[in-house]
There are 2 protein chains.
Amino acid sequence: MGIHMPWPSPDLAERLRSAGLRPTRPRLALARLLFDAGHRHVTVEELHKEAIAAAIPVSLATIYNSLHQFTAAGLLREVVIAPGRLYFDTNVDEHHHFVWESTGMLQDIPEKEIAVLGIPAPPIGTEISHVEVTIRLRPLD
Amino acid sequence: MGIHMPWPSPDLAERLRSAGLRPTRPRLALARLLFDAGHRHVTVEELHKEAIAAAIPVSLATIYNSLHQFTAAGLLREVVIAPGRLYFDTNVDEHHHFVWESTGMLQDIPEKEIAVLGIPAPPIGTEISHVEVTIRLRPLD
DNA sequence: GTGTTTGCAAAGTGTTTGCAATTTA
DNA sequence: TAAATTGCAAACACTTTGCAAACAC
C-alpha cells in the first residue's frame with residue numbers, strides 16, 4: 001500500500017476482479033482511461049466526454065455507477081473542492097492539494113513535502129482516518 | 001483582521017450596511033441566528049428550519065440568497081466536506097476542521113494549534129489564498 | 001418615489017433509480 | 001443458465017431564476 005506501479009499498468013481486469021468488480025467492457029474501458037496514464041483528477045462529465053471521444057459509448061449513469069463503485073472499492077478517492085465541483089482522484093494515497101480558486105483546477109502535493117504538526121488528539125470515540133491539507137490559490141495581481 | 005468580538009455582538013444592522021447589504025428584516029433575522037451565538041456551522045436546510053421555528057417566515061430562496069450574499073461580503077465562509085454537504089461557517093478567520101465521516105459533523109480547530117510546515121511555493125502566477133487542514137474522523141472500533 | 005429585496009412558483013442542474021435487455025462467468 | 005451489469009428514461013433533490021408585490025431609504 002502506498003506504492004504505485006508506473007505504467008505499464010498491472011492487469012486491469014485482475015485489478016477490478018480483486019476489488020470485487022466484474023471486469024465488464026464499460027468498466028475496463030473506464031479503468032483504462034483512469035489508471036493507464038498516471039494520476040488524474042477527473043469529473044463525471046469529463047470522463048463521459050472522454051469515453052465518448054474514445055468511441056466507448058457508455059451512458060452517464062454507468063459513469064456514475066462505475067466511479068462510485070471504484071471509490072467504494074478503494075481504487076479512487078473523492079475530492080470536493082467547492083459546491084458542485086467533485087473530482088475523482090486516482091491517487092488514493094495520503095497526499096495534499098493545491099486548488100486554483102479561479103478555475104477549480106487541482107494539483108497534487110506529495111504527502112512527504114508537507115508536515116502537519118500539533119494535530120490534536122481525536123475526539124473520544126473516534127480515530128483519525130486521514131489528514132489533508134488544501135492550499136487554495138488565487139491569481140497573482 | 002482575524003480578531004472577533006465576543007458577544008454581545010456589534011450592531012448587526014451596521015455590520016450588514018458596511019458589507020453593502022441593506023439591513024432588511026429577513027437579513028437581520030438571519031444575521032441574528034448566525035452571528036449572535038458564537039461560531040456556527042449551518043446548512044441551508046438547518047437555517048431555514050431554525051428561522052421558521054423562530055417565527056421568521058423566510059422563504060428558502062431568501063435563505064439561499066442571503067447566505068450567498070453574506071459569503072460574498074466576507075461574513076461567512078463556505079465549507080464543503082462531501083458531495084452535497086455544504087456548510088456555511090461563521091468563522092471566517094484562518095482555522096482548521098475535524099470532520100466526522102460518519103455523520104458529516106464539523107468542529108473547528110483553532111489556527112494556532114496546528115503548524116503546517118513545508119508548504120511549497122505557490123505556482124507561478126498565483127498566491128496562496130489560504131491553507132486549511134481537514135482531519136477526517138471515523139468511529140473507533 | 002426609486003431602487004432593492006422578497007416570496008412564490010417555475011425552470012434548471014446534477015445525480016439516482018427502476019426495470020427490461022444485455023452481458024459475464 | 002443464473003446472476004450481475006447496462007442503458008434508458010423517469011424520478012429526485014437541491015439550487016437558481018423571473019417577476020410582481022413589498023419594503024428600505
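Here is the naming used below: chain letters follow the sequence lines, and residue numbers restart at 1 for every chain. Hydrogens, waters and symmetry mates play no part in the numbers below; they use all other heavy atoms, side chains included. Model, not experiment: these values are computed from the prediction.
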Distance check needed: [N] [atom2] versus [X] [atom1], whole Å only.
X       : N      : atom1 : atom2 : answer
A:Glu14 : C:dA25 : CD    : P     : 11 Å
A:Asn65 : D:dC8  : CG    : C1'   : 13 Å
B:Tyr64 : C:dG7  : OH    : P     : 15 Å
B:Leu86 : C:dT15 : CG    : C1'   : 17 Å
A:Ile63 : D:dG7  : CD1   : P     : 9 Å
A:Ile52 : D:dT6  : CD1   : P     : 14 Å
A:Leu28 : D:dT6  : CG    : C1'   : 14 Å
B:Leu21 : C:dT4  : CG    : C1'   : 11 Å

Counting side-chain heavy atoms from C-beta on, which of [options] comes nearest to [X]?
X       : options               : value
A:Arg27 : D:dT6, D:dT15, C:dT16 : D:dT6
B:Val44 : D:dT15, D:dG7, D:dT17 : D:dT15
A:Ala61 : C:dT6, D:dT15, D:dA9  : D:dA9

Under 4.0 Å, heavy atoms only, any strand: does B:His68 hit a base, just the sugar-phosphate, or nothing? sugar-phosphate

Look at all strands and tell whether B:Pro57 reaches a base, only sugar-phosphate, or nothing, counting heavy atoms closer than 4.0 Å. sugar-phosphate

Validation row: B:Leu47, B:Val58 side chains within 4.5 angstrom (heavy atoms): no

Between B:His97 and B:His41, does the ring-ring contact (aromatic ring centres under 6.0 Å, His included) criterion hold? Intermediate values first, please. CA-CA 11 Å; B:His97 290 110; B:His41 303 116; 5.4 Å; yes

Exactly one candidate in A:Val92, A:Asn65, A:Leu21 meets side-chain contact (heavy atoms from CB on, under 4.5 Å) with A:Phe70; the answer is A:Leu21

Any chance you could measure A:Tyr87, atom OH, to A:Leu67, atom CG, to the nearest 0.5 Å? 14.0 Å

Intermediate values then yes/no, salt bridge (Lys or Arg N to Asp or Glu O under 4.0 Å), B:Arg77 and B:Glu132: CA-CA 12 Å; B:Arg77 174 174 288 183; B:Glu132 39 178 287; 5.4 Å; no

I'd like a list of close polar pairs between nucleotides 23-25 of chain D and the protein, N/O only, cut-off under 3.5 Å.
none

Does any nucleotide pair with D:dC23 by Watson-Crick or G-U wobble geometry, both distances under 3.5 Å, and what is it? C:dG3

Paired with D:dT5: which nucleotide, if any, by Watson-Crick or G-U wobble criteria at under 3.5 Å for both distances? C:dA21

Parallel, tilted or perpendicular for B:His68 and B:Tyr64, by the 30°/60° rule? tilted

Below 4.0 angstrom from OP1 or OP2 of C:dT6, is there any side-chain N or O of B:Thr62? no

Answer yes if the side chains of A:His96 and A:Asp108 hold a donor-acceptor pair under 3.5 Å, and no otherwise. no

